[in-house]
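Input: a single structure, listed below in structure tokens.
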Amino acid sequence: LDWLDEGRDSAGRRYLETRGRLVRYFQCKRCANADDLADETLNRVARRLEEAGPIIDTPPARYCYIVAKFVLLEHLRRPDQQNVRPPSAFDRLADSVASSHEAIRREGLLDCLDRCMRALPVEDARLILDYYRGEQRVKIEQRRRLAAERQLSMNALKIRACRIREKLEACINACRAERETGTFLPVSSQGDD
Amino acid sequence: MTDVSPEMGPAFDDEMLVQYLIGGLTADEAEPLDELIVADADFDVRLRAVEDDLVDAYVNGELTGETLARFTSHYLTSPTGRAKVEIAQALRGYRLQDVGVPASAAPAARRAMAWWTLAAAAVLLLAAGWLAIDNVRLRGEASATRERLATLEQRERQLQDDVNRQQSTLATLSQETARAREALAAAGQAPTAAQESPASGVLGFVLLPANRGAGDTPTLTIPANTGIVTMRLQLDGDNYPGYTVVLKDSASDRIIWRSDRLRAASAGGRTMLPVSVPAGVLRPGAYTARVTGLPRRGPAEALDPYPFRVVLQ
């Protein structure tokens with residue numbers, strides 16, 4: 001963690017951010033088990049640090065990327081690798097069977113969306129609803145108005161909306177994953193930013 | 001998806017990021033972006049923003065051509081991509097339904113929508129039920145109409161049978177009447193046929209063979225205005241395909257008239273050979289009609305003679 005923080009104590013936040021970006025990297029490479037591969041990458045980095053001490057000639061993030069590339073290549077060479085592949089006839093059949101439950105799934109998704117929206121601060125909920133409203137030119141005009149109202153640059157507004165949406169999507173995915181067990185309780189986001 | 005952020009990495013424009021997300025870059029082109037995802041937090045946020053707009057554009061139906069094709073064949077084959085699209089679809093519907101409504105009120109709004117949907121479904125169900133009942137009623141009426149029609153058709157057939165039977169009875173009565181008249185003629189009484197149509201110029205008589213006569217020679221009374229005298233010669237059976245008749249003056253034994261080939265006909269259970277003779281050849285006196293049977297093969301055969309007398313009025 002110290003090596004990742006580069007001398008500034010982030011209380012683990014830097015580690016989580018790095019892990020998140022590794023997950024994102026493996027997702028962009030269409031790996032089905034992106035979380036596992038991200039953990040494997042960080043484990044290898046930790047072992048390297050234990051064995052050889054701090055790496056000083058390469059920035060931590062870049063080093064993590066280099067290790068991640070090897071992890072990816074090894075993963076792709078494995079015969080049992082579970083990367084995303086084009087859907088087969090069996091997949092399409094499975095999809096058609098699954099589509100019979102589509103209404104139930106959609107209802108579950110909408111419930112999760114409700115719950116996660118309520119978990120957001122009201123201002124964030126309004127922002128994300130307004131920011132993604134409209135199509136094409138209407139959407140652009142809407143975003144300019146929102147930025148002006150909040151005295152933000154367009155890019156600052158974009159970052160803020162993107163992070164709210166990321167949080168919302170993470171909440172929804174967790175809700176959907178845990179919905180069957182009935183254990184999902186979205187944490188109130190008051191002071192959670 | 002066209003604005004480029006100096007704060008979030010100006011090296012790549014948004015279009016290139018879109019191509020990266022939908023698998024439109026080569027490995028060499030993608031390599032620096034791969035690294036930036038892991039190494040540059042700002043770039044990662046920017047890529048997420050582009051991805052959000054890309055997914056929204058797909059959900060809104062704004063993608064076209066190669067971009068849409070690659071999005072479908074590459075991005076949507078990833079579980080992560082599909083999950084983002086599902087959430088974007090839900091969020092879009094949420095926005096459309098709940099714009100201006102506090103987030104906490106959204107479930108209530110959807111519940112209200114659900115109640116309206118249920119109410120509409122109930123109305124439709126009632127309407128469908130009423131239509132089904134009405135359909136059954138109409139089917140019943142149609143069935144009853146078909147039954148009434150069948151009854152009427154059966155009644156029509158019965159009436160037609162009655163008409164046929166009455167016509168048959170009438171025909172039988174007519175035949176019996178004809179037989180009665182023939183019997184009277186055979187008994188040598190005044191020919192009743194002469195009274196049928198005196199003004200028509202045609203007279204009709206029934207003659208029996210000499211061997212079955214009552215003894216007296218029948219007399220034919222011919223009115224002055226008669227043109228044709230029709231004699232029906234009663235045969236013992238229709239034993240020949242053809243017949244000829246000659247009339248002989250009994251006093252001189254001279255043939256006064258000869259027929260063409262004739263055919264017998266059945267009437268009232270009897271076989272008759274109709275013979276039409278011009279009234280002008282007949283004078284008052286005694287005559288004999290001689291009938292010859294013409295077999296299919298072999299010589300003609302002479303049958304019993306039919307003697308009669310003629311009286312002119």
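Per chain, numbering begins at 1; letters A, B, ... match sequence-line order. The analysis underlying the following values was restricted to heavy atoms, covering all of them including side chains, and did not include hydrogens, waters or symmetry mates. What you see is a predicted model; the values in this text were computed from it and never measured.
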Open item on the list: Heavy-atom pairs under 4.5 Å with chain B - which of A:Arg62, A:Glu17, A:Arg24 has more of them than the others?
Closed with: A:Arg24

Open item on the list: Would you compute the distance between atom SG of A:Cys162 and atom CD of B:Glu51 and round it to the nearest 0.5 angstrom?
Closed with: 9.0 Å

Open item on the list: Counting only heavy atoms not in B:Arg296 (residues, nucleotides, ligands), do more than 12 fall under 6.0 Å from its CZ?
Closed with: no

- [ ] Test side-chain contact (heavy atoms from CB on, under 4.5 Å) on A:Arg133 and B:Arg92 and set out the steps.
- [x] CA-CA 8 Å; A:Arg133 185 200 305 175; B:Arg92 181 174 187 266; over 6 Å; no

TODO: Go through B:Asp56 and A:Arg165 one step at a time and tell me if the salt bridge (Lys or Arg N to Asp or Glu O under 4.0 Å) criterion holds.
DONE: CA-CA 12 Å; B:Asp56 283 350; A:Arg165 182 161 173 165; 2.9 Å; yes

Task: Exceeds 12 heavy-atom contacts within 6.0 angstrom, atom CZ of B:Arg261 - done: yes

TODO: Test B:Glu31 against A:Lys69 for side-chain contact (heavy atoms from CB on, under 4.5 Å), laying out the working first.
DONE: CA-CA 10 Å; B:Glu31 168 76 24; A:Lys69 272 178 57 178; 3.1 Å; yes

Task: Contact leader toward chain A among B:Thr80, B:Asp34, B:Ile87, where contacts are heavy-atom pairs under 4.5 Å - done: B:Asp34

TODO: Indicate yes or no: does B:Asp53 engage A:Arg143 in a salt bridge with an N to O separation below 4.0 Å.
DONE: yes

Task: Stepwise side-chain contact (heavy atoms from CB on, under 4.5 Å) check, B:Glu86 with A:Arg176 - done: CA-CA 12 Å; B:Glu86 284 184 347; A:Arg176 295 178 78 182; 2.8 Å; yes

Open item on the list: Determine whether B:Asp52 and A:Glu169 satisfy the following criterion, side-chain contact (heavy atoms from CB on, under 4.5 Å), listing intermediate values before the conclusion.
Closed with: CA-CA 11 Å; B:Asp52 289 341; A:Glu169 288 181 354; 4.0 Å; yes

- [ ] Drop me the distance from B:Leu47's CG to A:Cys28's SG, to the nearest 0.5 angstrom.
- [x] 5.5 Å

Open item on the list: Using 0.5 Å steps for rounding, measure from the CD1 atom of A:Ile159 to the CZ atom of B:Arg48.
Closed with: 13.0 Å

Task: Electrostatic pair B:Asp44-A:Arg21, nearest N-O below 4.0 angstrom - done: no

- [ ] Please indicate whether A:Gln151 has more than 12 foreign heavy atoms, meaning atoms of other residues, nucleotides or ligands, lying under 6.0 Å from its CD.
- [x] no

Task: Those residues that, when tested against A:Tyr131, pass ring pair (Phe, Tyr, Trp, His ring centres under 6.0 Å) (two or more places apart) - done: none

Task: Nearest-0.5 Å distance that lies between atom CD1 in A:Ile172 and atom CG in B:Leu91 - done: 7.0 Å

Open item on the list: Using a 6.0 Å cut-off, check whether atom CZ of A:Arg150 has over 12 heavy atoms from anything other than its own residue.
Closed with: yes

Open item on the list: Closer than 4.0 angstrom, basic N to acidic O: yes or no for A:Glu166 and B:Lys84?
Closed with: no

Open item on the list: Please determine whether a side-chain nitrogen of the Lys or Arg among A:Lys139 and B:Glu62 lies less than 4.0 Å from a carboxylate oxygen of the Asp or Glu.
Closed with: no

- [ ] Below 4.5 Å from any heavy atom of chain B, which atoms of A:Ile66 appear? Answer side chain, backbone, both or neither.
- [x] neither

Task: Gap between atom SG of A:Cys64 and atom CD of B:Glu35 - 0.5 Å precision - done: 11.5 Å

